[in-house]
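Proteins get letters first, then strands, A, B, ... in listed order; numbering begins at 1 in each.
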There are 2 protein chains.
Amino acid sequence: MKKNITIADSELPIMKILWEKGTLTSPQIFENMHGNKSTLKTLLQRLVTKGAVTAKENTSRTYLYTAAVTQQEYINSERKSFLQKAFDGSTKKMLLNFVQEEKITKEELQQLIDMIEEG
Amino acid sequence: MKKNITIADSELPIMKILWEKGTLTSPQIFENMHGNKSTLKTLLQRLVTKGAVTAKENTSRTYLYTAAVTQQEYINSERKSFLQKAFDGSTKKMLLNFVQEEKITKEELQQLIDMIEEG
DNA sequence: TTTTTGAGATTACAAGTGTAAACTGAAATC
DNA sequence: GATTTCAGTTTACACTTGTAATCTCAAAAA
């Protein structure tokens with residue numbers, strides 16, 4: 001059985017902070033963010049409920065929060081979804097579209113080739 | 001004011017048929033699809049309501065449905081959303097990630113460069 | 001003309017999302 | 001000890017999505 005945890009757009013900023021900083025208490029998370037505290041509490045709660053974030057007991061009555069879904073897992077899932085929706089799952093079609101829409105330059109492509117060759 | 005019409009995943013198959021075929025009646029749309037008819041009717045209705053599809057009066061009591069949002073508009077919007085969510089809006093970061101995850105080969109990149117040079 | 005058909009309209013309903021207020025109870029402060 | 005603070009919990013609520021059944025009524029078929 002897969003878990004297939006989805007991260008809502010509104011929840012993403014919290015995940016990004018946890019990915020960047022590691023393990024934090026909720027006040028530490030929130031001080032890195034803008035937005036209504038009540039709302040942020042709800043979002044963090046939902047992330048814990050759906051298993052995207054784990055909460056470990058801490059001294060006093062606070063928890064230590066850690067991302068349970070890695071950023072790469074999130075990105076992979078978003079990539080698949082995007083490719084499927086917009087390009088029938090074809091990376092090639094996507095790249096072609098980026099070139100046509102001039103979102104990529106020849107130079108950038110060359111840089112990538114160089115990187116691959118350097119290993 | 002922007003319109004900012006979003007197309008839900010479940011509605012996308014209908015859009016794809018309209019993008020491909022142009023203007024169709026609902027029976028023509030549905031004969032190109034699988035799935036429960038009632039559900040499809042609802043989805044088409046919602047697309048009309050949100051302005052992603054226009055319905056023009058036809059003979060008898062049927063309409064002619066046409067996509068009001070172009071496929072390129074849809075793709076652009078999905079691309080922006082994907083890039084923003086996963087790579088802070090940076091195409092470069094995305095390409096780098098694709099290379100690292102081996103979703104692109106050197107050969108494919110070279111092909112793209114060739115295409116750009118040919119114009 | 002009566003009956004059937006079926007496109008479109010209406011209604012339903014659970015999940016999930018975005019947003020936020022109110023409540024609780026232990027810990028910190030007075 | 002009394003009071004304040006605030007992390008965490010509960011409740012709220014409208015909107016969107018996924019999925020589908022039911023109702024309506026003109027057109028087509030019998």
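Side-chain contact of A:Asn76 with A:Gln72: a donor-acceptor pair under 3.5 Å is present, judged by distance alone. A:Thr25 and A:Gln28 are linked by a side-chain donor-acceptor pair at a separation below 3.5 angstrom, with hydrogens and angles left out of the test.
Applying the side-chain hydrogen bond (donor to acceptor under 3.5 Å, both in side chains) criterion to A:Lys50, with sequence neighbours excluded, gives A:Glu11. Scanning for salt bridge (charged side-chain N to carboxylate O under 4.0 Å, His left out) contacts around A:Lys16 gives B:Asp88, with sequence neighbours left out. Taking the side-chain hydrogen bond (donor to acceptor under 3.5 Å, both in side chains) definition, one finds that A:Thr66 meets it with A:Thr23, sequence neighbours left out. Residues that satisfy the salt bridge (charged side-chain N to carboxylate O under 4.0 Å, His left out) test with A:Lys80, not counting sequence neighbours, are absent from this structure. Partners of B:Thr62 under the side-chain hydrogen bond (donor to acceptor under 3.5 Å, both in side chains) rule, at least two apart in sequence or in another chain, are B:Asn58.
Of all the residues in residues 76-85 of chain A, not one reaches under 4.0 Å from DNA chain C with any non-hydrogen atom. For the contact set between residues 19-32 of chain A and DNA chain D, defined by any heavy atom under 4.0 Å, the members are A:Ser26, A:Pro27.
Listed by first and then second residue, the ring pair (Phe, Tyr, Trp, His ring centres under 6.0 Å) pairs that reach into residues 19-45 of chain B are B:Trp19-B:Tyr74, sequence neighbours excluded.
Between B:Ala86 and A:Ile75 the shortest heavy-atom distance is O-CD1, 3.7 Å. Closest approach of B:Pro13 to B:Asp9, counting heavy atoms only: CD-O, 3.4 Å.
Relative to the ring axis of B:Phe82, A:Arg79 does not place its NZ or CZ within 45° and under 6.0 Å from the centre.
In this structure, B:Leu40 atom CG and C:dG8 atom C1' are separated by 14 Å, rounded to whole Å. The nearest whole Å value for the distance from the CD1 atom in A:Ile14 to the P atom in C:dT17 is 13 Å.
Listed pair B:Tyr65 / C:dG8 meets the phosphate criterion, a side-chain N or O lying under 4.0 Å from OP1 or OP2. Proximity of B:Gln45 to the phosphate of C:dG8: no side-chain N or O atom is located under 4.0 Å from OP1 or OP2.
From one end of the helix from C:dT1-D:dA30 to C:dC30-D:dG1 to the other, with five pairs defining each end axis, the axis direction shifts by 10° (rounded to 10°).
If you walk DNA chain D from 5' to 3' and mark each nucleotide with an atom closer than 4.0 Å to a heavy atom of chain A, the marks span D:dA7 to D:dA12.
Projected onto DNA chain C by closest heavy-atom contact, B:Lys37 and A:Ala8 fall at different nucleotides, the more 5' of which corresponds to B:Lys37.
A:Leu24 has its side chain out of reach of A:Leu64: every pair of non-hydrogen atoms, C-beta onward, lies at least 4.5 Å apart.
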Would you be so kind as to tabulate the donor-acceptor pairs closer than 3.5 Å made by side chains of residues 107-118 of chain A, with sequence neighbours excluded?
unit_1, atom_1, unit_2, atom_2, d
A:Glu108, OE1, A:Thr105, N, 3.1
A:Gln110, NE2, A:Asp114, OD1, 3.2

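Here the side chain of A:Glu73 pairs a donor or acceptor atom with the backbone of A:Thr70 at under 3.5 angstrom. The closest donor-acceptor contact from the side chain of B:Thr39 to the backbone of B:Gly35 lies at 3.5 Å or more, if one exists at all.
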Show each protein N/O and nucleotides 19-26 of chain C N/O combination with a separation under 3.5 Å, one pair to a line.
unit_1, atom_1, unit_2, atom_2, d
C:dT19, O4, A:Arg46, NH2, 2.9
C:dA20, OP2, A:Thr39, OG1, 3.2
C:dA20, N7, A:Thr42, OG1, 3.1
C:dA20, N6, A:Thr42, OG1, 2.6
C:dA21, N7, A:Ser38, OG, 2.7

